[in-house]
Amino acid sequence: MGRKKQGKFVRADNKGKDKRHKMKGKSLEAFTEEMHSVLEASLHSGDSAEAPQVKLPCTLAMWELGHCDPKRCTGRKLARKGFVRNLRLSQRFNGLILSPMGTKYVTPADREIVAQSGIAVVDCSWAKLEETPFNKMVGSHPRLLPYLVAANPVNYGKPCKLSCVEAFAAAFCIVGFEELAVVLLKKFKWGMVFLELNKVFLARYATCHSEEELLSVEKEFLTSKPEEENDFDPFDVNSGVECMNLNRRQHDLEDEDSSEDTDTPEDNEDEAEDEKTAQTS
């Protein structure tokens, strides 16, 4: 008694918190400028062991399940190069997650999410999807990729069976950051072939204003008959095979061991240089 009753502390409204949240990270303009600088630095530095490490303006990550041969895995190579960080199972990722468990497709509307929080992939074997614990790969933005053709040596020409680097590159192209796709793909001897094979697809997807429009474009690709005059016909690589989006979980994939794409002998030499550098540092 006699003590002055203290008034209950009332926290101010969340406007300040929301403002701080919106200010967190970089603007799209700053991101774009950084992207240009990264591409320029990458092209000038080359890919030798002595070249300075190029840092991307956004985070790339992966859940690595150990299904693939480490020497043949594009995700692990990107991790060795410092482009990708590994995530633990049940570790949350706040950017886009490219996963068969997605219910929405990557569209240009995801541009800001990628700029602020990055992209994650699931590094697993296409032949072992049923035993992959997708429920332990947590995030707010799981996404599917639309119809694209693989360029990696193991799954060349196969619809939707993309490697990790191809998945990263596809997402970057669709949201309008193609230069970052180039930076990653140039780490592989065959990498730029992916952009050539999918040039028409990616260009159309990148102009879509909604998921509905993107799905309409995808359907147009899958149902249209190729013209004989075309220089490139992506459907000829699997003549007789029904076209479908294999990113969808409900589709049964062929039971074949095509766990990842294969690095060329030059890529293996590059890996040996990385390991040698790591041992001497």
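FYI, the numbering just counts along the sequence from 1. This is a predicted model, so every value here is computed, not measured.
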Should [X] and [Y] count as side-chain neighbours, where that means a heavy-atom distance under 4.5 Å?
X	Y	value
W63	K136	no
V138	Q91	no
W190	P153	yes
F168	V84	yes

Sidechain-backbone polar pair: [X] side chain, [Y] backbone, donor-acceptor under 3.5 Å:
X	Y	answer
S42	V38	no
D110	I113	no
R111	V175	yes

Roughly how far, to the nearest 0.5 Å, is CZ of R76 from CG of L78?
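Reported value, rounded in 0.5 Å steps: 12.5 Å.
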Mind checking the OG-CD spacing from S37 to E179? Nearest 0.5 Å is all I need.
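Reported to 0.5 Å precision, the distance equals 9.5 Å.
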Between S163 and E166, do the side chains contain a donor N or O and an acceptor N or O under 3.5 Å apart?
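Checked: E166/S163 side chains pair up, N/O donor to acceptor below 3.5 Å.
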Please determine, by modelled atom types, if R143 and T107 share a side-chain donor-acceptor pair under 3.5 angstrom.
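No donor-acceptor contact under 3.5 Å links the two side chains.
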Taking only Lys NZ, Arg NE, NH1 and NH2, and the carboxylate oxygens of Asp or Glu, determine whether K104 and E211 approach each other closer than 4.0 Å.
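E211 and K104: not salt-bridged.
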What are the two closest heavy atoms between [X] and [Y], and how far apart are they?
X	Y	result
I174	P108	O-CG, 3.4 Å
D123	C164	OD1-SG, 3.6 Å
V217	C208	CG2-SG, 3.8 Å

Using the ring of F188 (Phe, Tyr or Trp, six-membered ring only), decide whether K77 places NZ or CZ under 6.0 Å from its centre and within 45 degrees of its axis.
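Judged by the rule (NZ or CZ under 6.0 Å from the ring centre, within 45° of its axis), K77 counts as positioned above F188.
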Taking the inter-plane angle between the rings of Y205 and F221 on a 0 to 90° scale, is it parallel (under 30°), tilted (30 to 60°) or perpendicular (over 60°)?
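Y205 vs F221 ring planes: perpendicular.
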Quick one: do L56 and V183 satisfy side chain to side chain contact (heavy atoms under 4.5 Å, CB included)? Show the steps, please.
CA-CA 9 Å; L56 298 185; V183 171; 4.1 Å; yes
